[in-house]
Amino acid sequence: MSKPVNILGIETSCDETAAAIVTDGCTIRSSVVASQVDLHRKYGGVVPEVASRAHIERIYPILSETLSMALMGPADLDAIAVANQPGLVVALVVGVVAAKSLAMIWEKPLIAVNHVHAHLQSAMFDSRQIELPAVALIVSGGHTNLYECASAVDLTLIGKTIDDAAGEAFDKVATLLNLPYPGGPSIEKAARQGDPKAILFPRSMLGADSLDFSFSGLKTAVLYHVRGQDMKGASRVEFMSSREIADIAASFQAAVIDVLAAKTRRAADQKGARTVLLGGGVAANSALREALQNLCDTTGRTLCVAPRSLCTDNAVMVASLAYHKYKAGQFADLTLEPKASA
Ligand code: KG4
Ligand code: ZN
């Protein structure tokens, strides 16, 4: 039996400072996530400089906690992995500098990971055998991507949003409805009390074969709904009953999910996929998980979905993907830089 591979993963791409140690890509030895939601709530969104400063303060205590939680020291580690793209450069740089420092001081190989590909990896976390070909839907605050997957490290981007990401649309509509930040969980909670058929919001499908997404028209339709068609009135949200707000939330959520499910089906049909993977922060949404499960049940496919604990940003997904890169000999060097886009 080959020696187990222990990888320390680091994640600082947006507003979570996270570190984790994962053995052989699938056994979590420790995982620490420090959310900055409380710091950004009063601004209604992530402020890059605030995020960066919080990452700087938190990264080394979190790394110490991650090692002690795993009962491990530097000698037990086989590599240091970091998400270096895509994300906020001022946030990513904190993780990249920490990872490069540790790789140099502890004389370990360095592995660079794409944050969105790491989300995809978390969709494979509970499933050792994936029947290929597979398509993956990754829905987060910054991305809405469809991939064709030949393996964990062989991914082809086949669709993406041309404007807002799905999570971004959830966050912006939550702001319009005066629901608390972060918007996704707030909309989901409000939607549970509402009727998804109350308002028929638009479902933008783009061209007949298109695998791209557009959510800006939907967001504008919600804006018109709360301000009136002429857009001259102030927002009526303050005067709406909680039932009316719940109906808007449920109808908006249904429109997003209909589009995500229809495009995923289109991609799976076009690529002859046997398996559908689902990951990213928005994949925590129960209605989306159910819609993709129904899609797979009715079309004879298998759904592999990230466990809820690994949907939003974390470092387990970074260390887990890094294992496959370690096996494939894909290492970075100390010139590694953070990059805003992939
Ligand atoms: O993957 P993630 O943690 O960070 C990025 O890489 O962007 O995703 C965060 C996004 C936010 O837009 C958040 O509102 C959304 O995921 N989100 C949800 C839910 N939980 C988080 N959206 C819908 N329903 C949820 N339950
Ligand atoms: Zn993310």
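Scope of the values below: all heavy atoms of this structure, side chains included, with no hydrogens, waters or symmetry mates. Numbering of ligands and ligand atoms starts at 1, following listing order.
- Taking only nitrogen or oxygen atoms, main chain and side chain alike, Gly141 reaches within less than 3.5 Å of ligand 1.
- Here the shortest heavy-atom distance to atom 18 (C) of ligand 1, taken over Ala169, Ala306, Gly184, belongs to Gly184.
- Under a 4.0 angstrom heavy-atom cut-off, Pro185 registers as being in contact with ligand 1.
- Note: no N/O pair closer than 3.5 Å links Glu16 and ligand 1 by distance alone.
- Shortest contact from atom 15 (C) of ligand 1 to any protein heavy atom: Val282 CG2, 4.0 Å.
- Scanning the protein heavy atoms around atom 26 (N) of ligand 1, the nearest turns out to be Glu188 OE1, 2.7 Å.
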Test side-chain hydrogen bond (donor to acceptor under 3.5 Å, both in side chains) on Asp163 and Ser214; report intermediate values, then the result. CA-CA 6 Å; Asp163 41 55; Ser214 168; 2.6 Å; yes

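- Residues Ile257 and Asn285 form a side-chain contact, since some pair of their non-hydrogen atoms from C-beta on lies under 4.5 Å apart.
- At the top of the distance list for atom 3 (O) of ligand 1, counting protein heavy atoms only, stands Asp313 N, 3.0 Å.
- Considering backbone and side-chain N/O of Gly167, one or more are found under 3.5 Å from N/O of ligand 1.
- A search for side-chain hydrogen bond (donor to acceptor under 3.5 Å, both in side chains) contacts involving Glu131 returns nothing, not counting sequence neighbours.
- The closest approach between any non-hydrogen atom of His143 and ligand 1 is not below 4.0 Å.
- Here Asp171 has side-chain heavy atoms under 4.0 Å from ligand 1, and that is the only part of it that gets that close.
- The salt bridge (charged side-chain N to carboxylate O under 4.0 Å, His left out) search around Arg203 returns Asp258, not counting sequence neighbours.
- Both Val94 and Ile10 sit in one connected hydrophobic cluster of ILVMFWY residues. Membership requires side-chain heavy atoms under 4.5 Å apart, directly or through other members.
- Atoms of ligand 1 lying under 4.0 Å from at least one heavy atom of His115, given by number and element, are 6 (O).
- Among the atoms of Gly281, some N or O lies under 3.5 angstrom from an N or O of ligand 1.
- In this structure Ser286 satisfies the side-chain hydrogen bond (donor to acceptor under 3.5 Å, both in side chains) test together with Glu188, Arg308, sequence neighbours excluded.
- Below the 2.8 Å limit, the Zn ion (ligand 2) has as protein N, O or S neighbours His115 NE2, His119 NE2, Asp313 OD1.
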